[in-house]
Amino acid sequence: MTIRNLLPSALIGAVASARSMTPMATLSTARLAGRDTPGSLALLDRPLFKYGALAMGVGELFGDKMKSAPDRTVFLGLLARVMSAGIAGAALAPKGEEKAGAAVAVATAVPLAYLTLAGRKQAMARIGQTRSGLIEDALVVAAGAAIVALSTRPPQD
């Protein structure tokens with residue numbers, strides 16, 4: 001195991017720090033497009049999981065702009081990040097290194113949640129909740145899509 005092998009897991013953990021459902025939504029999109037993940041993860045092949053992750057990802061993007069949206073560092077927000085980062089980190093880790101990939105993703109997501117929250121609060125003070133959220137959405141979704149696209153492959157025949 002090398003750090004380079006687990007880089008996609010760490011990067012998807014960074015994505016989870018800002019948007020807890022984006023890692024699962026991007027992985028589900030890749031699976032729906034017929035792409036395979038390096039790590040083995042049976043959940044990604046269940047239709048309910050794939051479509052549910054997509055719906056939750058979209059819902060989170062809308063919910064984040066609401067004034068009543070809780071901080072990402074509340075217990076349930078961190079729990080969602082741990083679960084999403086762990087699953088996505090395992091899926092993007094090399095086969096046989098899924099546990100290490102999950103651990104790296106979670107270890108990245110949790111502390112970065114506090115940093116991304118601080119950055120978002122600064123942006124909200126300058127440009128408002130909706131605009132700062134839309135900018136953060138664009139950056140995080142693009143990063144998640146790029147990480148998953150570069151880390152997955154077409155099915156092996």
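Nothing fancy with the numbering, it's 1 onward along the sequence.
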Hydrophobic cluster identity match, I87 and V140, side-chain contacts under 4.5 Å | yes
For P38 against P94, the heavy-atom pair lying closest together | CB-CA, 4.2 Å
Main-chain N/O of V148 paired to S151 side chain as donor or acceptor, under 3.5 Å = no
Interatomic distance, L27 atom CG to L92 atom CG [nearest 0.5 angstrom] | 5.0 Å
Side-chain contact, heavy-atom cut-off 4.5 Å: L11 with T108?
-> no
Keeping the roles fixed (side chain from E98, backbone from G96), state whether a donor-acceptor pair exists under 3.5 Å.
-> yes
Nearest heavy-atom contact between A105 and I12 is CB-CG2, 4.4 Å
Is the backbone N or O of L6 less than 3.5 Å from a side-chain atom of E97, with the two atoms forming a donor-acceptor pair by type?
-> no
So which heavy atom on D36 is nearest to which on R31, and how close?
-> CA-NH1, 3.5 Å
Minimal heavy-atom distance between G13 and A85, with the atoms involved, is CA-CB, 4.3 Å
Kindly work out whether a path of hydrophobic side-chain contacts (I/L/V/M/F/W/Y, heavy atoms less than 4.5 Å apart) joins V15 to M21.
-> no
Listed partners of R19 passing salt bridge (charged side-chain N to carboxylate O under 4.0 Å, His left out), at least two apart = D64, E136, D137
Would you confirm whether S28, through its side chain, and M24, through its main-chain N or O, come within 3.5 Å as a donor-acceptor pair?
-> yes
Between A14 and L112, the two heavy atoms sitting closest are CB-CD1, 3.7 Å
Nearest heavy-atom neighbours spanning S17 and R81 | O-NE, 3.0 Å
Does some side-chain heavy atom of I147 sit less than 4.5 Å from a side-chain heavy atom of T26?
-> no
Approximate separation, where rounding is to 0.5 Å, of Y51 OH and R46 CZ = 15.0 Å
So if you build clusters from Ile, Leu, Val, Met, Phe, Trp, Tyr with side-chain heavy-atom gaps below 4.5 Å, do V106 and L117 land together?
-> no
Full working for side chain to side chain contact (heavy atoms under 4.5 Å, CB included) between V104 and L7 = CA-CA 9 Å; V104 165; L7 183 60; over 6 Å; no
Side chain to side chain, P154 and R35, heavy atoms closer than 4.5 Å = yes
Is the shortest heavy-atom distance from the side chain of L54 to the side chain of K50 under 4.5 Å?
-> no
Going by heavy atoms in the side chains, are R72 and R120 under 4.5 Å from each other?
-> yes
Say you draw a straight line from CE of M83 to CG of L78; how long is it, rounded to the nearest 0.5 Å?
-> 12.0 Å
For R153, look at atom CZ and say whether over 12 heavy atoms of other residues, nucleotides or ligands are found less than 6.0 Å away.
-> yes
Just how far is it from atom CG of L139 to atom OG1 of T116, taken to the nearest 0.5 Å?
-> 12.0 Å
